[in-house]
Amino acid sequence: MATLLHDAVMNPAEVVKQRMQMYDSPHRSALRCVWTVWRTEGLGAFYRSYTTQLTMNIPFQSIHFITYEFLQEQVNPHRGYNPQSHIISGGLAGALAAAATTPLDVCKTLLNTQENMALNLANISGRLSGMANAFRTVYQLNGLPGYFKGMQARVIYQMPSTAISWSVYEFFKYFLTKHKLENRAPY
């Protein structure tokens with residue numbers, strides 16, 4: 001449920017970010033981008049990739065959490081507070097999840113940006129919609145390697161992000177649990 005709500009709120013922001021990052025983007029500010037997309041394409045443009053976003057984030061989070069827990073069992077079997085194990089497990093878990101879901105991220109980016117050159121090369125007039133169409137278009141343009149464009153950058157981005165997130169989470173879990181145990185009244 002958290003992923004459904006998160007993606008419903010964040011998908012429009014992702015559309016704006018990606019459109020502003022495009023080569024030779026006509027958008028000079030986030031607000032102008034929102035206004036232009038709303039006026040020319042309507043509300044649906046902000047959610048064209050929503051199902052792809054969900055299809056990516058659900059396996060990403062699943063792989064991420066399962067891998068983190070597995071690695072913790074290997075490097076920290078007593079589950080004590082161990083910042084080094086949390087950083088290593090978190091970073092590796094994020095890297096694996098990012099690599100595994102890169103094809104979905106590539107398709108989501110194409111849906112969000114509606115990049116003219118890609119659509120022209122694929123002989124698509126109008127707008128590209130739907131995950132299946134995005135998968136076909138990526139394959140048509142670049143074959144199997146097309147699904148993994150940007151994977152290294154995605155992994156490099158996710159590794160420190162997830163390592164930091166897990167280490168901060170584990171720190172506060174340890175701190176709050178320790179504090180709670182120390183302040184517990186004796187029976």
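Note that the coordinates shown come from a computational prediction; the quantities given were computed from them, not determined experimentally. We use all heavy atoms of the structure for the numbers below, so side chains are in, but hydrogens, waters and symmetry mates are not.
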Suppose the criterion is salt bridge (charged side-chain N to carboxylate O under 4.0 Å, His left out): which pairs have a residue in [range], not counting sequence neighbours?
| range | answer |
| --- | --- |
| residues 64-85 | Glu69-Arg79, Glu73-Arg79 |
| residues 83-98 | none |
| residues 166-177 | Glu170-Lys173 |

Next on the checklist: Can you tell me which residue among Phe65, Phe172, Phe171 is in a ring-ring contact (aromatic ring centres under 6.0 Å, His included) with Trp166?
Outcome noted: Phe65
Next on the checklist: Taking ring pair (Phe, Tyr, Trp, His ring centres under 6.0 Å) as the cut-off, I'd like each qualifying pair that reaches into residues 104-141, sequence neighbours left out, listed once.
Outcome noted: Phe135-Tyr147
Next on the checklist: With ring pair (Phe, Tyr, Trp, His ring centres under 6.0 Å) as the rule and sequence neighbours excluded, what pairs involving residues 100-120 come up?
Outcome noted: none
What's the shortest heavy-atom distance between [X] and [Y], and which atoms?
| X | Y | value |
| --- | --- | --- |
| Asn11 | Ser49 | ND2-OG, 3.2 Å |
| Arg19 | Cys33 | CB-SG, 4.1 Å |
| Thr137 | Ala122 | CG2-CB, 3.8 Å |
| Ala45 | Val15 | O-CG2, 3.9 Å |
| Phe46 | Val37 | CZ-CG1, 3.7 Å |
| Gly94 | Thr162 | CA-OG1, 3.3 Å |

Side chains of residues 126-134: which donor-acceptor pairs under 3.5 Å do they make with residues two or more places apart or in other chains?
{"from": "Arg127", "atom 1": "NE", "to": "Glu41", "atom 2": "OE1", "distance (Å)": "3.4"}
{"from": "Asn133", "atom 1": "OD1", "to": "Arg136", "atom 2": "NH2", "distance (Å)": "2.4"}
{"from": "Asn133", "atom 1": "ND2", "to": "Ser129", "atom 2": "O", "distance (Å)": "2.7"}

[X] side chain to [Y] backbone, donor-acceptor under 3.5 Å:
| X | Y | value |
| --- | --- | --- |
| Asn142 | Pro145 | no |
| Ser167 | Ile164 | yes |
| Asn76 | Gly80 | yes |

Checklist entry - With side chains defined as the heavy atoms from C-beta onward, is the minimum distance between His27 and Met22 less than 4.5 Å? => result no
Checklist entry - Looking at side-chain heavy atoms only, is the closest gap between Ile63 and Leu96 below 4.5 Å? => result yes
Quick one: [atom1] on [X] to [atom2] on [Y], what's the gap to the nearest 0.5 Å?
| X | Y | atom1 | atom2 | value |
| --- | --- | --- | --- | --- |
| Thr52 | Leu111 | OG1 | CG | 5.0 Å |
| Leu141 | Glu115 | CG | CD | 9.5 Å |
| Thr113 | Met20 | OG1 | CE | 14.5 Å |

Could you pull out all residues at least two apart from [X] that satisfy ring-ring contact (aromatic ring centres under 6.0 Å, His included)?
| X | answer |
| --- | --- |
| Phe148 | none |
| Phe60 | His64 |
| Tyr157 | none |

Item to check | Donor-acceptor side-chain pairing of Asn57 and Gln61 below 3.5 angstrom | outcome: no
Checklist entry - Do Tyr81 and His86 have side-chain N/O donor and acceptor atoms under 3.5 Å apart? => result no
Item to check | Listed partners of Arg39 passing side chain to side chain contact (heavy atoms under 4.5 Å, CB included), at least two apart | outcome: Trp35, Thr36
Next on the checklist: I'd like to check the side chain to side chain contact (heavy atoms under 4.5 Å, CB included) partners of Leu54; sequence neighbours left out, ordered by chain and number.
Outcome noted: Thr3, Leu4, Asp7, Tyr50
Checklist entry - For Ser89, which of Gln84, Gln74, Gln72 qualifies under side chain to side chain donor-acceptor pair (under 3.5 Å)? => result Gln72
Solution key, residues 97-110 side-chain donor-acceptor pairs under 3.5 Å, sequence neighbours excluded:
{"from": "Thr101", "atom 1": "OG1", "to": "Ala97", "atom 2": "O", "distance (Å)": "2.7"}
{"from": "Thr101", "atom 1": "OG1", "to": "Arg154", "atom 2": "NH1", "distance (Å)": "2.9"}
{"from": "Thr102", "atom 1": "OG1", "to": "Ala98", "atom 2": "O", "distance (Å)": "2.7"}
{"from": "Asp105", "atom 1": "OD1", "to": "Lys108", "atom 2": "NZ", "distance (Å)": "3.2"}
{"from": "Asp105", "atom 1": "OD2", "to": "Arg154", "atom 2": "NE", "distance (Å)": "3.2"}
{"from": "Lys108", "atom 1": "NZ", "to": "Glu14", "atom 2": "OE2", "distance (Å)": "2.9"}
{"from": "Lys108", "atom 1": "NZ", "to": "Gln53", "atom 2": "OE1", "distance (Å)": "3.3"}
{"from": "Thr109", "atom 1": "OG1", "to": "Gln18", "atom 2": "NE2", "distance (Å)": "3.1"}
{"from": "Thr109", "atom 1": "OG1", "to": "Asp105", "atom 2": "O", "distance (Å)": "2.9"}

Checklist entry - Taking a hydrophobic cluster as the set of Ile, Leu, Val, Met, Phe, Trp and Tyr residues connected by side-chain heavy atoms closer than 4.5 Å, whether directly or through intermediates, do Tyr68 and Ile87 fall within one such cluster? => result no
Checklist entry - Is Tyr47 reachable from Val9 through a run of hydrophobic residues whose side-chain heavy atoms are each under 4.5 Å from the next? => result no
Item to check | Other residues, nucleotides, ligands: >12 heavy atoms within 6.0 Å of Leu43 CG | outcome: yes
